[in-house]
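First comes the structure, then the notes that go with it.
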Protein chains: 2
Amino acid sequence: MATAPSPLPPSAADADGAAPVASPAAAALRAIGARVTPARVRVLTLLREAPTPMSHHDVETALGPDAGDRVTLYRVLDWLAEAGLATRGVDATRVTRYAAARDGKHQNHLHFHCDDCGQVYCLDTPPPPPPELPAGFQLQRAELDLHGQCDRCNSGKA
Amino acid sequence: MATAPSPLPPSAADADGAAPVASPAAAALRAIGARVTPARVRVLTLLREAPTPMSHHDVETALGPDAGDRVTLYRVLDWLAEAGLATRGVDATRVTRYAAARDGKHQNHLHFHCDDCGQVYCLDTPPPPPPELPAGFQLQRAELDLHGQCDRCNSGKA
DNA sequence: ACCGCAAATGCAACAGAGTTGCACAAATGG
DNA sequence: CCATTTGTGCAACTCTGTTGCATTTGCGGT
């Protein structure tokens with residue numbers, strides 16, 4: 001798998017020494033009383049601009065030299081998820097993907113997994129109401145994953 | 001995680017030299033014109049008797065000395081999924097789980113993932129109808145995964 | 001402006017799940 | 001019973017994610 005398309009935005013990670021703090025990511029960090037570190041700001045900014053959930057590898061590639069240590073990246077992603085600023089998800093290839101949890105938007109929509117290229121798409125369609133479950137079971141969240149072929153892979157084949 | 005409960009049935013894997021072929025698993029294999037090998041019969045039989053999807057590790061543990069080689073087990077599980085005799089799924093801990101695909105039963109029901117113990121439960125509730133998606137996208141299958149705490153983990157805590 | 005401490009980072013080594021290549025054994029078909 | 005095709009076993013490897021520990025750094029207090 002060749003690291004997916006990843007249409008990363010042009011001006012994702014900047015503001016290191018010149019501009020103090022212009023990024024909304026930094027603001028979000030401050031808002032919850034967390035430390036504002038370059039790594040966190042860079043990663044969160046990237047996730048916020050990304051159109052689809054990103055894997056550790058995606059983030060590392062997208063940030064390039066600014067990605068820093070592999071482990072730090074894992075820890076930052078993990079921390080973001082723990083802090084509620086991002087959501088975690090495991091795709092069909094056993095890879096964990098992260099998405100910015102903006103204003104709760106990512107909590108409540110559908111994901112389409114392309115079984116061909118592995119890309120994950122976010123759909124605007126509202127999810128159906130979850131069914132009720134047996135007593136004793138507490139529902140935390142429901143996730144409807146659609147699997148199939150995306151338009152790109154679909155047109156390329158028969 | 002201590003390898004899940006795994007209530008493996010008493011008479012799962014037998015019939016090696018004495019009884020010719022009594023297992024329905026073997027019959028299922030023959031039915032699709034595939035080779036009937038001990039490994040396949042043992043694994044498929046186990047999966048068919050299992051109440052929940054099993055991971056590679058679960059199967060290896062359950063079969064004990066009869067499990068054979070790790071790699072063979074991976075290949076058998078993979079083959080079963082490819083052949084349509086089992087279905088694959090990835091749980092919250094990035095572990096692939098397999099379930100026997102009997103008569104199409106496992107195709108169309110819900111899974112509840114316990115975020116505490118990682119156990120996967122099969123619910124009888126019928127899944128909601130999938131929404132329509134953008135043009136160019138071809139839906140292969142929809143999977144509704146419910147996440148939360150199971151009754152066991154739920155009662156143990158506050 | 002400076003100091004100190006807790007928290008974050010970097011480095012290195014490790015762990016578990018799954019894969020690949022190749023030689024050998026076994027299941028079918030003739 | 002033999003030949004061919006397919007599955008199995010072994011060893012080594014890749015990839016994703018973790019853990020421990022020393023060092024640096026954000027940030028609040030002085």
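Computed from a predicted structure; not experimentally measured. In what follows, chains are A, B, ... by sequence order, proteins preceding strands, each numbered from 1.
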Query raised in the report: Do you know which of B:Val41, B:Leu44, B:Val36 makes side-chain contact (heavy atoms from CB on, under 4.5 Å) with B:Ser23?
Result: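 It is B:Val41; the other options fail the test.
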Query raised in the report: If each of A:Asp78 and B:Val76 is mapped to the nucleotide of DNA chain D with the nearest heavy atom, which maps nearer the 5' terminus, i.e. the 5' end?
Result: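 The residue mapped nearer the 5' terminus is B:Val76.
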Query raised in the report: Just the endpoints, please: which first and last nucleotides of DNA chain D, 5' to 3', lie under 4.0 Å from a heavy atom of chain B?
Result: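 Listed 5' to 3', the contact boundaries are D:dT5 to D:dG17.
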At under 4.0 Å between heavy atoms, what does [X] touch on the DNA or RNA strands: base, sugar-phosphate, or nothing?
X       : result
B:Thr96 : sugar-phosphate
B:Arg94 : sugar-phosphate
A:Arg75 : base
B:Thr37 : sugar-phosphate

Protein-nucleotide distance ([X], atom [atom1]; [N], atom [atom2]), rounded to Å:
X       : N      : atom1 : atom2 : value
B:Leu77 : C:dT19 : CG    : P     : 10 Å
A:Asp69 : C:dA13 : CG    : C1'   : 13 Å
B:Asp91 : C:dA17 : CG    : C1'   : 12 Å
A:Leu73 : C:dC11 : CG    : P     : 14 Å
A:Tyr74 : C:dC11 : OH    : C1'   : 16 Å
B:Arg35 : C:dA25 : CZ    : P     : 16 Å
A:Arg70 : C:dG10 : CZ    : P     : 13 Å

Any heavy-atom pair between the side chains of [Y] and [X] that's under 4.5 Å?
X       : Y       : value
A:Leu29 : A:Arg35 : no
B:Thr96 : B:Tyr98 : yes
A:Arg88 : A:Glu82 : yes
A:Leu63 : A:Val59 : yes

Query raised in the report: Mapping B:Tyr98 and B:Ala34 to their closest nucleotides on DNA chain C, which lands nearer the 5' end?
Result: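 Its nucleotide being nearer the 5' end, the pick is B:Tyr98.
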Query - DNA chain C: 5'-proximal contact among B:His56 and A:Gly68 (nearest heavy atom) - result: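 In this pair, the answer is A:Gly68.
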Query - A:Ser55 side chain to A:Asp58 side chain, donor-acceptor N/O pair below 3.5 angstrom - result: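 Yes - a donor-acceptor pair under 3.5 Å links their side chains.
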Requested in this report: Report the C-alpha distance between B:His57 and B:Val95 in whole Å, list the side-chain angles of each, state the deciding distance to 0.1 Å, and finish with yes or no for side chain to side chain contact (heavy atoms under 4.5 Å, CB included).
Outcome: CA-CA 9 Å; B:His57 187 80; B:Val95 177; over 6 Å; no
Query raised in the report: In terms of side-chain heavy atoms of A:Arg40, which of C:dA8, C:dA12, C:dT19 is nearest?
Result: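 The closest nucleotide is C:dA8.
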